[in-house]
Protein chains: 2
Amino acid sequence: MFFHFRQKFPQLNAYWDKYLPFQKRQEVPAKTLLLAEGRRSQQYIFIEKGCLRAFLNKDGNDKTVQFFFEQEGLASFESFVNNTPSVISIETIEPSILYMLPKKYVLQLVEELSREPNFAQMVLQMSAQRQAHYMNEFVSFIRDTPEQRYQNLLKKKPKIVQRVPQHYIASYLGVSTVHLSRIKSKLAKGKSHF
Amino acid sequence: MFFHFRQKFPQLNAYWDKYLPFQKRQEVPAKTLLLAEGRRSQQYIFIEKGCLRAFLNKDGNDKTVQFFFEQEGLASFESFVNNTPSVISIETIEPSILYMLPKKYVLQLVEELSREPNFAQMVLQMSAQRQAHYMNEFVSFIRDTPEQRYQNLLKKKPKIVQRVPQHYIASYLGVSTVHLSRIKSKLAKGKSHF
DNA sequence: CTTGAACGATAACATATGTTATCAAGTTTT
DNA sequence: AAAACTTGATAACATATGTTATCGTTCAAG
């Protein structure tokens, strides 16, 4: 979480560097499960290369809630703090190179950070931004049609559409693979009209 | 936000009491718009009596995202901190008695609180809990069928089903009023089988 | 008391979306 | 190179859900 905000809060760089040595580098193949639904998150994950997804399971077929790419970090922060079982699973989509920081060090880092002068303000801003992010995802999900959401993806995050297999996209949009195909062919027809 | 945590952090009571005088009591009829989509949230709202809903508009018909009742407080916290336009609207469902604390005082209160010894820890916990809450709402929305969500409501928040007109429930579940009726009649048939 | 909203049920029909099956092309494994 | 798997498109059919319209009830405003 905190590492996302290095640009914004340069004071954090020192901490980041200090905990670098405790990160474990790991190369993992595609479809490696990194966190299973129901387990407690045990580490912070930073992606050097590759791509992951967060998803949840429903009667065998799963729903993707978020994609992650190079230079992004992730952790179920609320699972750390509340020590609750994770409601989502995390796995690699492509073969990936990851850096993992065990929970122990994350908590230790937070403890150190909490003595930084403006830590409270930072936390406020961070959580406000994260909330805004989730809120927007949620709003888009309940307000927009799958077709609109797909066009949004194309426009705002073309990287996802290019790199990620279609069935993950479908599960992210909340439709079946068949229906996503229909959406694509419909859009293609629309465009060819000139 | 912070007032939700009085039991958990009794140190907050003093602040709460201190800012009581700045709250404006207000009696409003049903269907009063308190915050319009696109505007910036200007106050913290505490409900003494009545019931509100947060919703967002989509081509004329709206989608309810949350209900609020007596003794609950609400504010678009991220709108305060980020100073961004709200993505949701808030209105009363029943005639209500509210206490409003203007944004100015909320920020002032946060400023004071940030000098509390464990403020950072409190913020961490609060935001972790809120995130968990939104996450669960989101997960339930994408994982469960409308029928399951309705049964969940019945079980976990019967108050909502009893007090809130059905079309708001329908818009909360993400279905039309007609379909909610169908769900109810189907469940009723199921139950009468003895 | 009467009138008109607001609320909720239901039917009939239209549309959106899921499911299953099949085919084809591309990749990986053996 | 052959086999197995992954990915994606498409058709046919089934189901879920939306839309519109109608009706009865309740409840508040005149």
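Both backbone and side-chain heavy atoms feed into the values below; hydrogens, waters and symmetry mates do not. Note that this is a predicted model, so its numbers are computed, not measured. Just so it is clear: chains get the letters A, B, ... in the order the sequence lines come, proteins before strands, and each one is counted from 1.
- Geometrically, A/Arg130 does not engage B/Tyr134 in a cation-pi contact defined by less than 6.0 Å to the ring centre and at most 45° from the axis.
- Near DNA chain C, meaning a heavy atom under 4.0 Å from it, residues 173-182 of chain B has B/Val178, B/Ser181, B/Arg182 in order of number.
- Remark: P of D/dA28 and CD of B/Glu94 are 12 Å apart, rounded to the nearest angstrom.
- Side-chain nitrogen and oxygen atoms of B/Lys184 include at least one within less than 4.0 Å of the OP1 or OP2 phosphate oxygen of C/dA9.
- Remark: P of D/dT17 and CD of B/Gln148 are 11 Å apart, rounded to the nearest angstrom.
- Under 4.0 angstrom from either OP1 or OP2 of D/dT7 there lies at least one side-chain N or O belonging to A/His167.
- Using a 30° and 60° split on the angle between ring planes, A/Trp16 and A/Phe46 fall in the perpendicular class, above 60°.
- The aromatic rings of B/Phe22 and B/Tyr105 sit parallel to each other, their planes meeting at less than 30°, with 60° as the upper class boundary.
- There is a side-chain donor-acceptor pair under 3.5 Å between B/Glu48 and B/Tyr99.
- As rounded to whole Å, 12 Å separates atom P of C/dT17 from atom CZ of A/Arg149.
- Taking atom CD1 of A/Ile183 as the reference point, atom P of D/dA9 lies 12 Å away to the nearest angstrom.
- With rounding to whole Å, A/Lys31 atom NZ is found 7 Å from D/dT6 atom C1'.
- A close approach under 4.0 Å does not occur between any side-chain nitrogen or oxygen of B/Gln166 and OP1 or OP2 of C/dA6.
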Going through the checks in order, is the side chain to side chain donor-acceptor pair (under 3.5 Å) test met by B/Ser79 and B/Arg40? CA-CA 6 Å; B/Ser79 173; B/Arg40 285 158 225 277; over 6 Å; no
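- The nearest whole Å value for the distance from the CD atom in B/Gln162 to the P atom in C/dC7 is 17 Å.
- Residues B/Gln23 and B/Tyr44 bring no donor and acceptor atom of their side chains to less than 3.5 Å of each other.
- When rounded to the nearest whole Å, the span between NZ of B/Lys186 and C1' of C/dA9 equals 17 Å.
- For residues 158-171 of chain A, every residue pair satisfying the salt bridge (Lys or Arg N to Asp or Glu O under 4.0 Å) rule, not counting sequence neighbours, is listed here: A/Glu70-A/Arg163, A/Glu94-A/Arg163.
- Per the geometry, OH belonging to A/Tyr150 stands 12 Å off C1' belonging to D/dG8, to the nearest Å.
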